[in-house]
S.K.: 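Please find one structure pasted underneath; my questions will follow.
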Amino acid sequence: MFDNYEVWFVTGAQLLYGGDAVIAVDAHSNEMVKGLNDSGRLPIKVVYKGTVNSSKEVTTVMRAANNDDKCVGIITWMHTFSPAKMWIHGLQELRKPLCHFHTQFNKEIPWDTMDMDFMNLNQSAHGDREFGHITARMRKPRKVVVGYWKDAETQNKLSVWMRVAAAWADAQDMLIIRFGDQMNNVAVTDGDKVEAEMRMGYHVDYCPIAELVAYQNKVTDEDIDELVETYKKEYEIANEDLENREFIHQVREAARIEVALRRILKDKGAKAFTTHFDNLKGINQLPGLASQRLMAEGYGFGAEGDWKTAALYRTMWFMGQGLPKGCSFLEDYTLNFDGENSAILQSHMLEVCPLIAEQKPRLEVHPLGIGGKNDPARLVFTSKEGEGVAATVIDLGNRFRLIVNKVDCIKSKPLPKLPVASALWIPRPNFEVGAGAWILAGGTHHSSFSYDLTVEYLEDYAEIADIEMVVIDENTTMSEFKKELRINEVYYMLNKALS
Ligand code: MN
């Protein structure tokens with residue numbers, strides 16, 4: 001899906017050094033953009049949009065970026081000194097994500113041959129500071145990437161920002177369908193949907209479950225046969241289950257729900273959805289298997305009406321497309337106190353994404369002691385080991401807060417009496433501080449988890465969305481974390497008062 005997008009590269013210059021200088025700046029920029037595209041490290045095509053030498057030219061390119069659906073963001077670079085007052089009007093209008101790239105065309109100083117002409121061309125050292133000043137002065141959200149443009153590390157930082165910028169574009173026309181409301185009385189999964197749309201772009205709608213039932217009634221036996229064949233190919237199924245009529249019946253019912261759910265989401269143009277086990281009138285079983293499989297395809301999912309987590313999952317899945325280890329919706333399930341290895345079992349009633357599975361998932365059917373429906377089909381597995389990030393967005397009334405915790409997934413164990421998919425993680429810096437800080441910050445019991453993303457991705461997201469972000473990692477201490485929350489409280493209160 002990154003193929004539909006591009007990132008624009010705009011080089012700041014001015015006419016002070018003559019037309020020849022601008023021609024050289026242009027040639028260097030072309031070479032850089034070509035080098036970036038040929039590096040194989042950037043997921044999205046970079047398109048060079050020329051030099052800008054005046055306020056009018058800056059404004060023109062910013063307006064064009066705003067109006068071009070393919071453009072997910074702008075990279076700016078000041079090859080020469082570009083007096084930044086000429087950027088004011090354009091930056092005021094720019095509504096796409098901004099990345100300020102502090103690099104230089106030439107790698108090392110040519111000590112013996114450097115003259116004034118060379119210096120006039122290679123002015124990023126001061127030119128990018130002038131640009132940095134105006135973006136700071138204007139409080140313009142942006143990412144600053146510093147490094148030589150041919151270095152892998154530098155290109156990887158651009159790649160992170162590009163993935164986030166694309167996910168941001170994706171979120172601007174994200175429709176989230178809620179089948180049912182929040183679970184009764186639950187506070188943390190609720191929030192201001194109007195503010196969410198203004199701030200993060202996505203739109204949250206409800207859909208009566210009766211509409212899904214109507215779709216379900218149109219699913220044919222052939223549709224179900226085809227999907228069940230896919231299940232047999234993709235998952236382990238016990239031989240005795242294949243001969244068990246009740247098992248086959250429930251799996252076919254699960255397939256019916258999956259076909260219906262995929263069709264209704266497609267017809268509505270939805271990228272995410274929520275369900276609620278208490279609101280399934282006309283549906284025979286909780287859509288566990290369907291939710292698992294749709295998540296793996298990139299649909300955002302939140303249980304019990306949790307639309308914020310559904311949105312965040314879709315966004316994190318989108319950022320991580322093509323990366324190897326996967327992501328999932330998860331819930332803090334049960335604690336395991338074990339000294340230094342104290343950990344939190346992550347699972348849900350059924351809805352854990354198979355992208356994080358360590359081994360081929362097993363398709364099983366078991367009773368579910370909640371919701372009063374038939375025994376639902378589900379994929380059962382334990383997760384891969386390794387580090388990742390768990391994230392959530394909460395609504396604090398005057399702002400959204402993104403909470404991110406670095407976690408280490410350790411070996412989980414099968415649960416023969418609770419056959420669900422699970423992960424087992426130790427939050428950083430350790431269970432006590434990790435869980436303590438998350439709770440202190442007001443974090444949900446639901447989270448969106450990814451092995452492939454790092455804190456940097458979420459930091460770029462929070463910057464673009466201009467929302468609060470707090471990170472819990474190996475450096476977190478409770479006393480410093482408390483201070484950060486208190487300082488942020490003042491910052492956002494003042495920010496609101498002054499804006
Ligand atoms: Mn839940």
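Counting starts at 1 for both ligands and their atoms, following the listed order. Because the structure is predicted, anything quoted here is derived from the model rather than measured. Keep in mind that the numbers below use all heavy atoms, side chains included, and drop hydrogens, waters and symmetry copies.
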S.K.: Report yes or no: do Glu331 and Gln346 form a side-chain donor-acceptor pair below 3.5 Å?
M.R.: no

S.K.: Does the side chain of Leu345 come within less than 4.5 Å of Leu335's, by heavy atoms?
M.R.: no

S.K.: Answer yes if the side chains of Glu93 and Asn66 hold a donor-acceptor pair under 3.5 Å, and no otherwise.
M.R.: no

S.K.: Side chain to side chain contact (heavy atoms under 4.5 Å, CB included), that's the test. Do Arg178 and His276 meet it? Break it down for me.
M.R.: CA-CA 9 Å; Arg178 296 191 308 149; His276 181 184; over 6 Å; no

S.K.: For residues Thr220 and Asp223, is any side-chain donor paired with an opposing acceptor at under 3.5 Å?
M.R.: yes

S.K.: With 2.8 Å as the limit, jot down which protein N, O or S atoms are around the Mn ion (ligand 1).
M.R.: Glu304 OE1, Glu331 OE1, His348 NE2, His446 NE2

S.K.: Would you tell me whether Ser447 and Thr392 have side-chain atoms, one donor and one acceptor, within less than 3.5 Å of each other?
M.R.: no

